[in-house]
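Numbers for residues simply follow the sequence, beginning at 1. All of these numbers come straight from a predicted model, not from anything done at the bench.
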Amino acid sequence: MIELSNFFTYLVIALAVGILITTLNQKRLPSIRFTRAIMYISIISIVLLTFVPIVQLAQMLHSQFSVPIKEALVNVITTFQVGHTWITIVVISSILLIIQFVREKIPNKLAVWGQLTLWLCIVYFISLSSHSSASDGLIGILSHLIHIIAFAIWIGPLLIVSWLTKPLNDLKAFHRWFSPLAFIAVSLIILSGLILMNTLVPNYIESWSVSYGQYLLIKHLMFIPILLFGIRHVFLLKWNPLHLNEKQMQLSFRWESLFAVIIFAISAWMTEQPPPHEVDVGTERSPLFLLFHSFTGSENNVVINWSLTGSPLLAIGSLFIIWIGYQLIQKKKVMIPIILMLIILIVIYTGLMLSVTFI
């Protein structure tokens with residue numbers, strides 16, 4: 001339940017930010033479908049989705065301490081951080097609704113910037129309840145905030161252009177404003193991701209033995225297809241050697257956005273997994289990790305130990321990733337490269353698992 005609410009929270013934030021950013025560039029884009037409905041749904045949804053942790057905590061109080069459910073809800077809202085955060089989000093969302101209503105009557109770019117700022121505030125308050133906030137205070141909160149906002153700035157407009165507009169009729173104009181924005185966003189994602197990892201996963205290799213580390217590794221591997229499609233789009237938008245038509249480019253954008261949605265799902269699941277420093281890695285091992293390694297209970301550390309099985313798989317996988325990236329630039333149809341890419345990601349994952357050992 002909570003994982004699903006986290007997933008839709010990320011998706012709602014990306015859609016809302018995406019619509020606002022594309023609205024600022026409306027003259028360079030076709031009209032966006034369902035703009036009004038999506039904005040209202042996003043604002044209402046963020047209130048409902050951030051209420052789910054309150055319900056979960058209230059149910060825990062009810063089951064463990066026999067507190068009446070209504071009293072438990074009131075108690076969580078009035079005395080817990082998650083409740084105070086939700087009240088603040090309700091207030092911000094109310095202001096967002098008012099601005100959205102006024103914008104429909106009197107279009108104003110300043111109001112759009114105001115809404116973007118308020119969504120930034122919502123993400124800040126959501127970040128107060130993150131793992132990184134508990135582990136590293138303000139630095140953790142800001143890192144989490146930048147990570148989510150940067151992803152929304154990059155993937156949000158991509159979702160809008162992919163699914164909610166007609167095919168772009170001026171790809172060059174889109175490239176001029178979106179590619180620099182995407183580059184800045186990706187740079188911020190990498191920077192904030194490194195800070196978050198330093199806080200939550202100081203020993204990246206060792207973390208692979210627990211569930212949080214496994215999901216983090218899979219998330220990083222799934223980032224590879226997004227980067228390859230991003231490189232493809234920068235190359236094609238700038239030079240367009242394949243002469244892709246508008247519908248073909250939009251289909252390519254859709255594939256990139258689908259991989260991003262998968263990352264949203266993995267991130268949502270990770271938020272409810274204890275990070276490695278909160279887990280007894282001596283006893284709690286990931287089922288995925290145990291598919292490759294036996295565990296007797298006496299081993300403590302996991303280290304890289306390049307093997308005759310894992311190393312060749314990693315080398316082959318790396319070479320094929322480069323080849324697939326080349327094929328994405330050279331070929332119009334992307335289905336076969338995508339299938340090969342998924343297979344190669346499994347090969348790389350297997351190579352990594354076979355290249356670590358207990359000591």
Check your understanding: Is the shortest heavy-atom distance from the side chain of M341 to the side chain of L228 under 4.5 Å?
Key -> yes
**Study point:** Trace of the side-chain hydrogen bond (donor to acceptor under 3.5 Å, both in side chains) decision for Q115 with R103
**Key:** CA-CA 10 Å; Q115 285 184 301; R103 268 188 54 215; 2.6 Å; yes
Review point. To the nearest 0.5 Å, how far apart are CD1 in I344 and CD1 in I316?
Key: 8.0 Å
Review point. If two hydrophobic side chains count as joined below 4.5 Å and joins carry through other members, does I346 share a cluster with L288?
Key: no
Check your understanding: Distance-only, no hydrogens or angles: does the Q214 side chain make a donor-acceptor pair with backbone N or O of W208 under 3.5 Å?
Key -> yes
Practice item. Just do the side chain to side chain contact (heavy atoms under 4.5 Å, CB included) check on F34 and I41 with the steps written out, would you? Key: CA-CA 10 Å; F34 316 119; I41 290 172; over 6 Å; no
Exercise for review: First locate atom CD1 of I160, then atom OG1 of T35, and finally report the distance between them rounded to the nearest 0.5 Å.
Suggested key: 7.5 Å
Exercise for review: Before giving the answer on side-chain hydrogen bond (donor to acceptor under 3.5 Å, both in side chains), spell out for T165 and R33 the whole-Å C-alpha distance, their side-chain angles and the decisive distance to 0.1 Å.
Suggested key: CA-CA 6 Å; T165 68; R33 301 186 185 101; over 6 Å; no
Practice item. Flag yes if I92 and V90 sit in one hydrophobic cluster, no otherwise; membership is Ile, Leu, Val, Met, Phe, Trp, Tyr, and two members link when side-chain heavy atoms are under 4.5 Å apart. Key: yes
Exercise for review: Test F253 against every option in F174, F229, F259 by the ring pair (Phe, Tyr, Trp, His ring centres under 6.0 Å) rule and name the one that passes.
Suggested key: F174
Review point. Closest approach of S355 and S311, non-hydrogen atoms and distance?
Key: OG-N, 3.8 Å
Point to revise | Contact summary for L313 and G351, nearest pair of heavy atoms | key: CB-CA, 3.9 Å
**Study point:** Validation row: L221, I224 side chains within 4.5 angstrom (heavy atoms)
**Key:** yes
Check your understanding: Is there side-chain contact between V186 and L227, with heavy atoms separated by less than 4.5 Å?
Key -> yes
Review point. Does some side-chain heavy atom of I99 sit less than 4.5 Å from a side-chain heavy atom of L118?
Key: yes
Point to revise | R232 side chain vs L328 backbone, donor-acceptor pair below 3.5 Å | key: yes
Point to revise | Minimum-distance pair of heavy atoms, taken over all atoms of L352 and L217 | key: CD1-CD1, 3.8 Å
Review point. Does the pair Y40 and F101 meet the rule for a side chain to side chain contact (heavy atoms under 4.5 Å, CB included), with working shown?
Key: CA-CA 9 Å; Y40 281 116; F101 179 77; 3.9 Å; yes
Exercise for review: Kindly say whether the aromatic ring centers of H293 and F289 come within a distance under 6.0 Å.
Suggested key: yes
Review point. Between atom CH2 of W177 and atom CD1 of I21, what is the distance when rounded to the nearest 0.5 Å?
Key: 7.0 Å
Review point. Would you say L49 and N6 make side-chain contact, with heavy atoms under 4.5 Å?
Key: no
Exercise for review: Check A185 against I153 and note the closest heavy-atom contact, atom names and distance.
Suggested key: CB-CG2, 4.4 Å
Point to revise | F7 and I266, any side-chain heavy atoms less than 4.5 Å apart | key: no
Practice item. Would you please say whether a donor-acceptor pair under 3.5 Å links the side chains of E272 and Y212? Key: no
Check your understanding: Is the distance between the ring centroids of Y204 and H220 under 6.0 Å?
Key -> yes
Exercise for review: Return yes if some donor-acceptor pair links the side-chain N/O of K109 with the main-chain N/O of L24 below 3.5 Å, else return no.
Suggested key: yes
Review point. With hydrophobic residues grouped by side-chain heavy-atom distances under 4.5 Å, do I44 and V17 end up in a single group?
Key: no
Review point. CG/L158 to OG1/T22 distance, rounded to the nearest 0.5 angstrom?
Key: 11.5 Å
Point to revise | Side chain S179, main chain R176, donor-acceptor under 3.5 Å | key: no
Practice item. Using a 4.5 Å cut-off on heavy atoms from C-beta on, say whether the side chain of Y215 contacts that of S286. Key: no
Review point. Looking at CG of N203 and OG of S209, how far apart are the two atoms once the value is rounded to the nearest 0.5 Å?
Key: 9.0 Å
Practice item. May I ask you to check whether F264 and F151 place their ring centers less than 6.0 Å from one another? Key: yes
Practice item. Count the heavy atoms belonging to other residues, nucleotides or ligands that lie under 6.0 Å from CH2 of W255, then report whether that count exceeds 12. Key: no
Review point. Does T78 offer a backbone N or O that forms a donor-acceptor pair with the side chain of H84 under 3.5 Å?
Key: yes
Revision key, fill the gap. Closest non-hydrogen atoms of H175 and P180, given as atom of the first, atom of the second and distance, are O-CD, 3.6 Å
Review point. Taking atom CG of L251 and atom CD of E246, what is their separation to the nearest 0.5 Å?
Key: 13.5 Å
Practice item. Could you give me the CA-CA distance, side-chain angles and deciding distance for S252 and Q248, then say whether side-chain hydrogen bond (donor to acceptor under 3.5 Å, both in side chains) is met? Key: CA-CA 6 Å; S252 188; Q248 289 171 326; over 6 Å; no
Point to revise | Neighbour count >12 (heavy atoms, 6.0 Å) for atom CG, L291 | key: yes
Exercise for review: Give the C-alpha distance, both sets of side-chain angles, the deciding distance and a yes or no for side chain to side chain contact (heavy atoms under 4.5 Å, CB included) between I141 and S132.
Suggested key: CA-CA 6 Å; I141 294 170; S132 55; over 6 Å; no
Review point. Run the side chain to side chain contact (heavy atoms under 4.5 Å, CB included) check on I13 and I126 step by step: do they pass?
Key: CA-CA 11 Å; I13 291 170; I126 291 174; 4.0 Å; yes
Check your understanding: Does any non-hydrogen side-chain atom of F80 lie less than 4.5 Å from one of I54?
Key -> no
Review point. Going hydrophobic residue to hydrophobic residue with side-chain gaps under 4.5 angstrom, can you get from I87 over to L57?
Key: yes
Review point. Would a hydrophobic clustering, with Ile, Leu, Val, Met, Phe, Trp and Tyr connected at side-chain separations under 4.5 Å, put W119 with L110?
Key: no
**Study point:** Q250: side chain to side chain donor-acceptor pair (under 3.5 Å) partners, not counting sequence neighbours
**Key:** none
Revision key, fill the gap. Closest non-hydrogen atoms of I329 and L236, given as atom of the first, atom of the second and distance, are O-CD2, 4.0 Å
